[in-house]
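Before any comments, here is the structure.
Worth knowing before you read on, the calculation uses all heavy atoms, side chains too, and leaves out hydrogens, waters and symmetry mates.
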Amino acid sequence: MNNSILVVFAFFFLFSCNKSKKEALDTPSQGTITLEADESFRSVTEALTERYMAINPNTKVNVIYTKEDLGLLDLLDRKTRVIVMSRNLTKSEKDAYDKKINLPWQPAKFAADALVFVVSKENSTVKELSVDEIKKRISSDEKSLIFDGANSSNINFIAQQFNVKPSALKYSIIKGNENIIKELEKHPNKIGVISLNTISRPYGDEATMLRDKINVLPIVDKGKSYTPTVDNLQDMQYPFTRVLYFLTNEAYYGLGNGFIRFACTQLGQIVVEKEGLQPYNLYRREVQMR
């Protein structure tokens with residue numbers, strides 16, 4: 001009799017544990033996760049997460065803004081569920097992802113952003129930049145280009161574009177894309193390098209104020225001049241166009257994958273478009289991103 005009672009107790013104990021474990025898993029409509037993104041993509045990240053949580057009020061996406069390289073390390077160490085990336089992973093990074101995450105490699109592309117070069121309104125000497133001139137400046141001891149720091153998406157992307165190590169580049173630093181704009185007038189001979197997303201939102205007092213402080217420099221490549229317009233991002237004519245994508249370590253269809261799916265489908269792409277960026281997946285016209 002006692003043995004029977006123990007068997008029944010054990011059965012219910014295991015059933016309760018399994019049920020609790022199952023209930024502990026988040027779903028696309030319920031739960032809490034952490035997402036990490038570079039500060040350069042704050043505007044579009046905030047817009048997407050806020051919209052998703054408004055549609056799914058029982059979800060919470062905690063966003064941490066950190067350097068792109070650090071976000072990748074946190075993803076591999078499972079300290080965060082989702083990250084935003086803007087550059088290609090190196091072979092060693094891809095190998096680490098394959099080994100630690102053990103999931104199919106599926107970067108979820110959702111927007112086209114760009115690296116833009118800006119000067120203060122008081123700077124009347126620089127009207128445009130060529131790709132070759134940018135390459136010279138980033139190798140010069142004058143450090144005339146201002147970035148938001150090492151390990152950031154902006155410095156990583158330009159290093160990858162010129163096929164050099166980030167540590168080999170020479171530049172000045174002001175932390176934060178917005179701070180670069182706000183302090184440019186103190187450095188009239190410098191050129192700020194920021195994400196388009198910092199100033200792309202067509203509405204809002206902050207974005208308007210930032211745009212009013214600067215001139216965006218056209219970029220000359222092979223004799224042609226390009227500005228970071230949506231049309232030039234769509235076909236990647238602008239030389240420093242970059243595609244934003246999500247990576248996750250979530251092995252089931254939970255809140256992380258639910259959010260990513262939302263961002264890449266029509267409603268999420270409308271949010272991206274309202275942010276002034278080029279949606280990667282368009283439903284009204286064809287996107288030709290090479």
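Residue N102 places its CG atom among 12 or fewer non-hydrogen atoms of other residues, nucleotides or ligands, all under 6.0 Å distant. No more than 12 heavy atoms of other residues, nucleotides or ligands sit less than 6.0 Å from atom CZ of R51. Remark: D212 CG is packed, more than 12 non-hydrogen atoms of other residues, nucleotides or ligands lying under 6.0 Å away. Within a 6.0 Å sphere centred on NZ of K182, other residues, nucleotides and ligands contribute more than 12 heavy atoms. With a 6.0 Å radius and a threshold of 12 heavy atoms from other residues, nucleotides or ligands, R78 has its CZ atom above the threshold. Around the NZ atom of K135, the shell of radius 6.0 Å holds no more than 12 heavy atoms that belong to other residues, nucleotides or ligands. The neighbour count for K121 NZ, taken as heavy atoms of other residues, nucleotides or ligands under 6.0 Å away, is above 12. In the displayed structure, E128 atom CD is contacted under 6.0 Å by more than 12 heavy atoms of other residues, nucleotides or ligands.
Side-chain contact check for D77 versus K100: some heavy-atom pair is nearer than 4.5 Å. Using a 4.5 Å heavy-atom cutoff, the side chains of I260 and E250 are not in contact. Annotation: side chain of I194 is not in contact with side chain of D148 (no heavy-atom distance under 4.5 Å). At a threshold of 4.5 Å between non-hydrogen side-chain atoms, the residues D113 and S86 do not count as touching. Using a 4.5 Å cut-off on side-chain heavy atoms (C-beta onward), N56 and L255 make no contact. Using a 4.5 Å heavy-atom cutoff, the side chains of N58 and S29 are not in contact. In this structure the side chain of E206 reaches within 4.5 angstrom of the side chain of E178, judged on heavy atoms. The closest side-chain heavy-atom distance from V131 to I219 is below 4.5 Å.
Here D98 does not pair with K91 in a salt bridge; the nearest charged N to carboxylate O distance is not below 4.0 Å.
Remark: the backbone N or O of T66 is not paired with any side-chain donor or acceptor of E36 at under 3.5 angstrom. Between the N151 side chain and the K67 main chain, no donor and acceptor come within less than 3.5 Å of each other.
In this structure, C264 and F110 approach most closely via the heavy-atom pair SG-CB, 4.1 Å. Minimum interatomic distance between V84 and F41 (heavy atoms only, all atoms of both residues): CG1-CD1, 3.9 Å. The nearest pair of heavy atoms linking L169 to A159 is CD1-CB, 3.8 Å. Here the closest heavy-atom approach between residue G31 and residue D26 is recorded as CA-CB, 3.9 Å. Here the closest heavy-atom approach between residue L277 and residue A111 is recorded as CD1-CB, 4.5 Å. Across every non-hydrogen atom of G258 and P28, the tightest pair is CA-CB, 3.9 Å.
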* **Candidate pair N154 and R242, rule side-chain hydrogen bond (donor to acceptor under 3.5 Å, both in side chains), full reasoning** => CA-CA 10 Å; N154 294 342; R242 56 185 175 185; 2.9 Å; yes
* Mind running side-chain hydrogen bond (donor to acceptor under 3.5 Å, both in side chains) on Y203 and E275 for me, showing each step along the way? => CA-CA 8 Å; Y203 54 88; E275 283 297 303; 3.0 Å; yes
* **CA sep, side-chain torsions, deciding dist, call: T229, T227, side-chain hydrogen bond (donor to acceptor under 3.5 Å, both in side chains)** => CA-CA 6 Å; T229 62; T227 54; 4.6 Å; no
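With values rounded to the nearest 0.5 angstrom, D74 atom CG is found 14.0 Å from R81 atom CZ. Atom CG in L75 sits 4.5 Å away from atom CG in N249 (nearest 0.5 Å). Atom OG1 of T241 sits about 10.5 Å away from atom OH of Y226, to the nearest 0.5 Å. With rounding to the nearest 0.5 angstrom, the CD1 atom of I191 is 4.5 Å from the CG atom of L129. Here the CG atom belonging to L145 is positioned 12.5 Å from the CD1 atom belonging to I173, to the nearest 0.5 angstrom.
Below 30°, between 30° and 60°, or above 60°: for F157 and F240 the angle between ring planes is above 60°, a perpendicular geometry.
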